[in-house]
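Counting starts at 1 for both ligands and their atoms, in listed order.
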Amino acid sequence: MPCTARDAAAAVRRGADAMAEHRDELVELDRAIGDGDHGENMDRGFRAVVAQLDLADPPTPGAVLKLVATSLISSVGGASGPLFGTAFLRAASSAGEVEELDGATLAASLRAAVEGVVSRGKAEPEDKTMIDALLPAVRAAEERATSGADPAEVLAAAAEAATTGARSTVPLIARKGRASYLGDRSAGHLDPGARSVALLLAAFADVTGVE
Ligand code: ADP
Ligand code: MG
């Protein structure tokens, strides 16, 4: 089943629930290698997203993604607000004004999202950032889309790869963001931004394509 604006909005709302449910966990992860605000940032950002969704009825999946981007950018400071904002903004541009996303156009949106984060944050793989979850997720999404998978299947593959990717950040030494100030002491901890990416994709996968 393709992904409509309604599916996209429902997915985003589920993502907001996940950020609220995991707020404390994300705070703890960021307390270990950052300043402890990541859970608050993501929860506040997605509350703002839901508030905007309650007011508007975006007509296309791209418009939903654009609303997410602008809400995150205006409500979240720190590193993650502009980075997640850019991800959703690029995904929105990629989705354009089509009424429905299929597996391939959804995978293309994910690819645009990761490219946006890389161009904004300049992180490379294994720098211990959200890229370590997002990039494998995009690759898995593209692979599934190539074999004709629908958005639900594409997102499920992306979510699974993101979870594995996030876990892979544990032994890494951070080379970008606040965690990099810790040097070697950043090793042994899960990157909070990578965890958020995995949680969001799992939440999106949970709802997309389900009426
Ligand atoms: P801040 O670091 O400003 O307190 P957050 O705590 O909300 O912001 O977000 C931290 C997360 O942002 C990190 O866990 C990491 O995944 C991500 N991050 C930080 N810098 C970069 C970057 N340059 N590129 C990609 N992701 C980054
Ligand atoms: Mg922080």
Side-chain angles (χ1 to χ4, degrees), residues 12 15-50 68-91 109-141 158-159 161-204:
V12 165
D17 290 343
M19 293 299 95
E21 282 160 23
H22 292 270
R23 176 193 159 114
D24 293 349
E25 177 198 339
L26 295 169
V27 162
E28 285 308 315
L29 291 175
D30 196 33
R31 204 167 270 159
I33 56 169
D35 56 356
D37 64 352
H38 187 64
E40 266 171 52
N41 287 342
M42 297 304 287
D43 186 33
R44 182 174 62 253
F46 273 87
R47 275 175 202 276
V49 168
V50 169
V68 174
T70 52
S71 304
L72 290 180
I73 290 167
S74 61
S75 64
V76 184
S80 59
L83 289 168
F84 277 103
T86 301
F88 281 99
L89 203 55
R90 295 287 187 94
S109 284
L110 285 168
R111 170 60 66 181
V114 74
E115 282 172 359
V117 176
V118 169
S119 76
R120 175 118 203 175
K122 312 277 181 255
E124 291 181 11
E126 305 201 345
D127 279 353
K128 196 181 183 92
T129 71
M130 63 176 77
I131 290 297
D132 295 318
L134 199 47
L135 194 57
V138 171
R139 292 201 181 114
T163 300
T164 307
R167 227 177 270 136
S168 79
T169 64
V170 172
L172 298 174
I173 294 168
R175 287 190 295 240
K176 278 281 181 299
R178 237 176 247 287
S180 66
Y181 307 158
L182 289 181
D184 292 355
R185 281 182 295 136
S186 62
H189 302 279
L190 188 65
D191 177 66
R195 176 69 176 141
S196 288
V197 167
L199 287 169
L200 285 173
L201 287 171
F204 297 165

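In this structure, the side chains of Met19 and Leu26 come closer than 4.5 Å at one or more pairs of heavy atoms. Ser80 is listed as a side-chain neighbour of His38, based on a closest heavy-atom distance under 4.5 Å. Using a 4.5 Å heavy-atom cutoff, the side chains of Phe46 and Leu72 are in contact. In this structure the side chain of Arg139 reaches within 4.5 angstrom of the side chain of Arg111, judged on heavy atoms. No side-chain heavy atom of Leu29 sits under 4.5 Å from any side-chain heavy atom of Asp191. In this structure, Lys176 and Glu124 have side chains that are not in contact, with every pair of non-hydrogen atoms separated by 4.5 Å or more. Looking at heavy atoms from C-beta onward, Val12 lies in side-chain contact with Val49 at the 4.5 angstrom threshold. Within the 4.5 Å cutoff, side-chain heavy atoms of Leu110 are placed close to those of Leu201.
In summary, the atoms of ligand 1 found under 4.0 Å from a heavy atom of Asn41, numbered by their order in the structure, are 5 (P), 7 (O). Near Gly78, with a cut-off below 4.0 Å to any heavy atom, the atoms of ligand 1 are 3 (O). Listed by number with element, the atoms of ligand 1 under 4.0 angstrom from any heavy atom of Asp35 are 4 (O). With ligand atoms numbered from 1 in the order given, ligand 1 contributes 4 (O), 5 (P), 6 (O) to contacts under 4.0 Å with heavy atoms of Asp37. Within the listing of ligand 1, atoms 6 (O) sit less than 4.0 angstrom from a heavy atom of Asp30. Counting atoms of ligand 1 from 1 in the listed order, those under 4.0 Å from a heavy atom of Lys176 are 23 (N). Distances below 4.0 Å separate heavy atoms of Gly193 from the following atoms of ligand 1: 13 (C), 14 (O), 16 (O).
Closest to the Mg ion (ligand 2) among the N, O or S atoms of Asp37 is OD1. Looking at Asp35 and the Mg ion (ligand 2) together, the shortest N, O or S contact belongs to OD1. When distances from the Mg ion (ligand 2) to the N, O or S atoms of Asp30 are compared, OD2 comes out shortest.
Looking only at distances, a side-chain donor or acceptor of Arg175 sits under 3.5 Å from a matching main-chain atom of Glu126. For the pair Asp30 (side chain) and Val27 (backbone), a donor-acceptor distance under 3.5 Å is absent. Using a distance-only test at 3.5 Å, with no hydrogens or angles considered, no donor-acceptor pair links the side chain of Ser75 to the main chain of Ala48. A donor-acceptor pair under 3.5 Å links the side-chain atoms of Lys128 to the main chain of His189, judged by distance alone.
Polar contact with ligand 1: present for Ala79 (N/O pair, distance under 3.5 Å). Among the atoms of Ile131, none of the N or O lies under 3.5 angstrom from an N or O of ligand 1. Residue contacts with ligand 1: Met130 is placed with a nitrogen or oxygen under 3.5 Å of a nitrogen or oxygen of the ligand (distance criterion only). Considering both main-chain and side-chain atoms, Lys128 never comes within under 3.5 Å of ligand 1 through any nitrogen or oxygen pair.
Among protein heavy atoms, the minimum distance from atom 7 (O) of ligand 1 is reached at Ser80 OG, 2.5 Å. Atom 16 (O) of ligand 1 has as its closest protein heavy atom Asp191 OD2, 2.6 Å. Here the protein heavy atom with the shortest distance to atom 24 (N) of ligand 1 is Ala123 CB, 3.5 Å. Protein heavy atom nearest atom 2 (O) of ligand 1, with residue, atom name and distance: Arg178 NE, 3.5 Å. In terms of protein heavy atoms, atom 23 (N) of ligand 1 is closest to Gly121 O, 2.9 Å. Ranking the protein heavy atoms by distance from atom 10 (C) of ligand 1 puts His38 ND1, 4.1 Å first. Distance from atom 21 (C) of ligand 1 to its nearest protein heavy atom, with residue and atom name: Leu83 CD1, 3.5 Å. With hydrogens left out, the protein atom closest to atom 20 (N) of ligand 1 is Gly177 CA, 3.5 Å, a heavy atom.
Between the CD1 atom of Ile33 and the CG atom of Leu190 there is a distance of 8.0 Å, given to the nearest 0.5 Å. The CG atom of Asn41 sits 7.5 Å away from the CG atom of Asp35 when rounded to the nearest 0.5 Å. Taking CZ of Arg47 as the reference point, atom CZ of Arg23 lies at 7.0 Å (rounded to 0.5 Å).
Heavy atoms of Gly34 come nearer than 4.0 angstrom to ligand 1 in no pair at all. Not close to ligand 1: Lys122, with no non-hydrogen atom less than 4.0 angstrom away.
Residue-level proximity to ligand 1 for Thr129 is carried by backbone and side chain together, each with a heavy atom below 4.0 angstrom.
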